[in-house]
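Accompanying notes for the structure given below.
All of these numbers come straight from a predicted model, not from anything done at the bench. Chain naming here is simple, since letters A, B, ... match the order of the sequence lines and numbering starts at 1 in each.
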Amino acid sequence: MELTRLKGFQDLLGTQAQTLAYVEARARLLMERYGVSEIKIPMLERIELYQRSTGETSEIVSKQMYTFSDRDEAGTTLALRPEGTPGVVRAYIEAGMDRSDPEQRFFYAGPMFRRERPQKGRYRQFNQFGVEVFGRADPACDAELLVMIDDLRRDLGLEFQFELNSLGHAGCRPAFRAAVLEYGRRHWDELCRDCHERLERNPLRLLDCKIDVRLAEQAPRSLDYLCAECRAHFDTVLDLIGAAGVRFVVNPRIVRGLDYYMRTTFEITSTNLGAQNAVVAGGRYDGLVEVLGGAPVPGIGFAIGMERMALALEAARTPRAALPRIALIALGEAAVRKATQIARELRAMPLQVEMLSSERSLKAQLKRADRIGANYAVIVGPDELARSAAQLRDLGASSQREVSLDRLAAELSAARAQ
RNA sequence: GUGAGUGUAGCUCAGUUGGCAGAGCACCGGAUUGUGGCUCCGGUGGUCGAGGGUUCAAAUCCCUUCACUCACCCCA
């Protein structure tokens, strides 16, 4: 086969697609309870949107975006969205909400694109479910989002590790950054090659190096550089979520790769996912709305990695109860005609009904019924048709009896109740 | 971008020292006129990832290349 799927892109079949849809359905239900409304935004934006928000120093923008020229005279450079937040902020400003009605909560769901080397839990097209809150600077808002994530976790029956940190705000963050930079330069000779690179590009990432663990642990901590206000904000967030029953740890090494994060940042991981174990991540981004040309409105948000969530769920889940599955077997043209009507009637019950190919023998059709995991087979042939009846076969029990057609739906419903 | 591992039937994989390409599962048919699973019998199905080299002879040895997987990196 020559026309295969692209590297890092996937076809999701059957249960894989189902699990993903299930996670999204549960998340949507939660949004309703939290009063968060949906926002649908484009998958394509000007490249500058990401350069200015996500940041040129992030690897996402500098190396991983799918970009191309539009067919207009100006040759505008477009980018497939690598994440959702910039687009949501742009839409929020464009709708004038930053001035008219700044306090807003949105959720979005859809595919993101990053051209990375694929591995377990990491794909070039992947789905995120994200929440963004604007116009709220108070710690109760941070806490509410974390509780929201914990609600989803509990609803799905999973165990996660919540790790939180605070990076400080525009006033105190620079001092911390300078301290890390200074620390890195002082220990230059002991740093790994990747860390040399990091120091140039994004010094804070020194802290989550997995090679120089000892050095990273002894590096300056953002928590020690917080101003009184940031300190109080963080303490209140921790107090609130603790009181609400969220289990968490403070991890001073959580720094996010995106430029716009400040104050509260968090990463939520699941074991049994391999190396790519972050299922949810996010943080506060006061200042981002202003950077993109809006009013000075605070913001905070997170994104769920849907494929990773589905992976975690598949490792732990018990299958959900499905509709009883009926294989409808018709023998002969007249029976097919009748069966077409019966199928419609049974599906309305509701029952899951699949009509098998009447071109094949009864034996082959029953074999097929077994293969697809049907609970019952309903057989209609010329003999049954003459009596206005059908054979109702219980494939699990291997028992069979004749049922008149006008009683069939009721009989199957009764069997379902058992 | 870097590293490692794996590529043989639709799937999971054997294949010895270089000597006729195999098994299990799945699929199709039969044993059983209109009755599945279990059993038995038969059948369909192969560019041994691709290209080149060595050899009387290559799935096997050598070179090149591609794909997939995992990890680094990055991050959801």
Side-chain angles (χ1 to χ4, degrees), chain A residues 1-2 4-8 10 23 54 57-65 81-85 109-130 149 160 192-195 197-198 201-202 205 208-211 254-258 261 266-270 273-283 301-312 327 329-332 335 356 358 360-385 390-400:
Chain A
M1 188 181 180
E2 47 178 338
T4 55
R5 76 179 112 78
L6 263 24
K7 185 199 284 287
Q10 34 175 11
V23 175
T54 312
T57 63
S58 74
E59 194 137 308
I60 291 175
V61 168
S62 62
K63 293 182 184 166
Q64 300 176 351
M65 282 199 298
R81 62 182 186 196
E83 60 151 340
T85 303
M112 305 295 161
F113 303 84
R114 293 181 198 170
R115 200 181 185 292
E116 298 179 86
R117 191 81 168 253
Q119 72 186 75
K120 188 179 173 71
R122 186 169 80 182
Y123 312 99
R124 291 182 171 184
Q125 177 180 332
F126 59 101
N127 288 280
Q128 286 192 335
F129 189 105
I149 297 164
F160 291 157
C192 67
R193 202 182 321 132
D194 286 331
C195 278
E197 174 88 15
R198 287 191 182 98
R201 179 175 206 94
N202 192 350
R205 294 213 68 93
D208 58 6
C209 178
K210 288 160 203 96
I211 297 166
I254 298 288
V255 295
R256 309 289 312 143
L258 280 37
Y261 282 121
F266 49 89
E267 213 167 279
I268 292 150
T269 57
S270 162
L273 274 192
Q276 305 298 317
N277 61 359
V279 287
V280 185
F302 65 80
I304 301 168
M306 298 298 274
E307 283 79 2
R308 291 182 186 178
M309 196 67 99
L311 238 40
I329 298 174
L331 304 169
L356 306 184
S358 65
R360 307 197 55 195
S361 68
L362 172 62
K363 181 189 177 77
Q365 290 191 64
L366 272 167
K367 199 169 169 139
R368 175 75 191 160
D370 190 53
R371 179 71 202 269
I372 65 177
N375 307 95
Y376 294 91
V378 171
I379 305 165
V380 184
D383 299 349
E384 287 78 11
L385 211 53
Q391 299 297 333
L392 174 56
R393 184 171 181 82
D394 183 330
L395 291 170
S398 287
S399 61
Q400 180 173 324

Nearest to the side chain of R117(A) - C72(B), U35(B), C75(B)? C72(B)
Could you check whether the side chain of [X] and the base of [N] have a donor-acceptor pair of N or O atoms closer than 3.5 Å, going by distance alone?
X	N	result
Q400(A)	U35(B)	yes
R122(A)	C74(B)	yes
Q119(A)	C74(B)	no
R308(A)	C75(B)	yes
R371(A)	G36(B)	no
E59(A)	G1(B)	no

Atom [atom1] of [X] and atom [atom2] of [N]: how far apart are they, to the nearest Å?
X	N	atom1	atom2	value
Q365(A)	C28(B)	CD	P	12 Å
I372(A)	C27(B)	CD1	P	13 Å
R5(A)	U69(B)	CZ	P	7 Å
N277(A)	C73(B)	CG	P	12 Å
L356(A)	U35(B)	CG	C1'	13 Å
D370(A)	C38(B)	CG	C1'	11 Å
K367(A)	U35(B)	NZ	C1'	13 Å
I329(A)	U35(B)	CD1	C1'	8 Å

Which part of the nucleic acid, if any, lies within contact of [X], taking any heavy atom under 4.0 Å across all strands shown: a base, the sugar-phosphate backbone alone, or nothing?
X	answer
G396(A)	base
Q64(A)	sugar-phosphate
E83(A)	nothing
G121(A)	base
Q276(A)	base
Q125(A)	nothing
D383(A)	base
A369(A)	nothing
R360(A)	sugar-phosphate
I379(A)	base

N or O in side chain of K120(A) less than 4.0 angstrom from A71(B) OP1/OP2: no
When you check the phosphate oxygens OP1 and OP2 of G36(B), does a side-chain N or O of K363(A) lie under 4.0 Å from one of them? yes
Using the [atom1] atom in both, what is the distance from [N] to [M], to the nearest Å?
N	M	atom1	value
U16(B)	C72(B)	C1'	38 Å
C20(B)	U32(B)	P	40 Å
C61(B)	U8(B)	P	16 Å

Using atom types as modelled and distance alone, determine if a side-chain donor or acceptor of [X] lies under 3.5 Å from a backbone N or O of [Y].
X	Y	value
E116(A)	Q64(A)	no
R124(A)	F113(A)	no
R308(A)	G121(A)	yes
E307(A)	N127(A)	yes

Might you point out which heavy atoms bring S358(A) and A330(A) nearest each other, and give the distance in Å? CB-O, 3.3 Å
Side chains of E83(A) and Q128(A), donor plus acceptor under 3.5 Å: no
Taking the nucleotide of RNA chain B with the closest heavy atom to each, which residue, P118(A) or L331(A), is nearer the 5' end? L331(A)
Taking for K63(A) and for Y261(A) the nucleotide of RNA chain B with the nearest heavy atom, the one nearer the 5' end belongs to K63(A)
Could you grab the distance from atom CZ of R114(A) to atom CD of E59(A), nearest 0.5 Å is fine? 11.0 Å
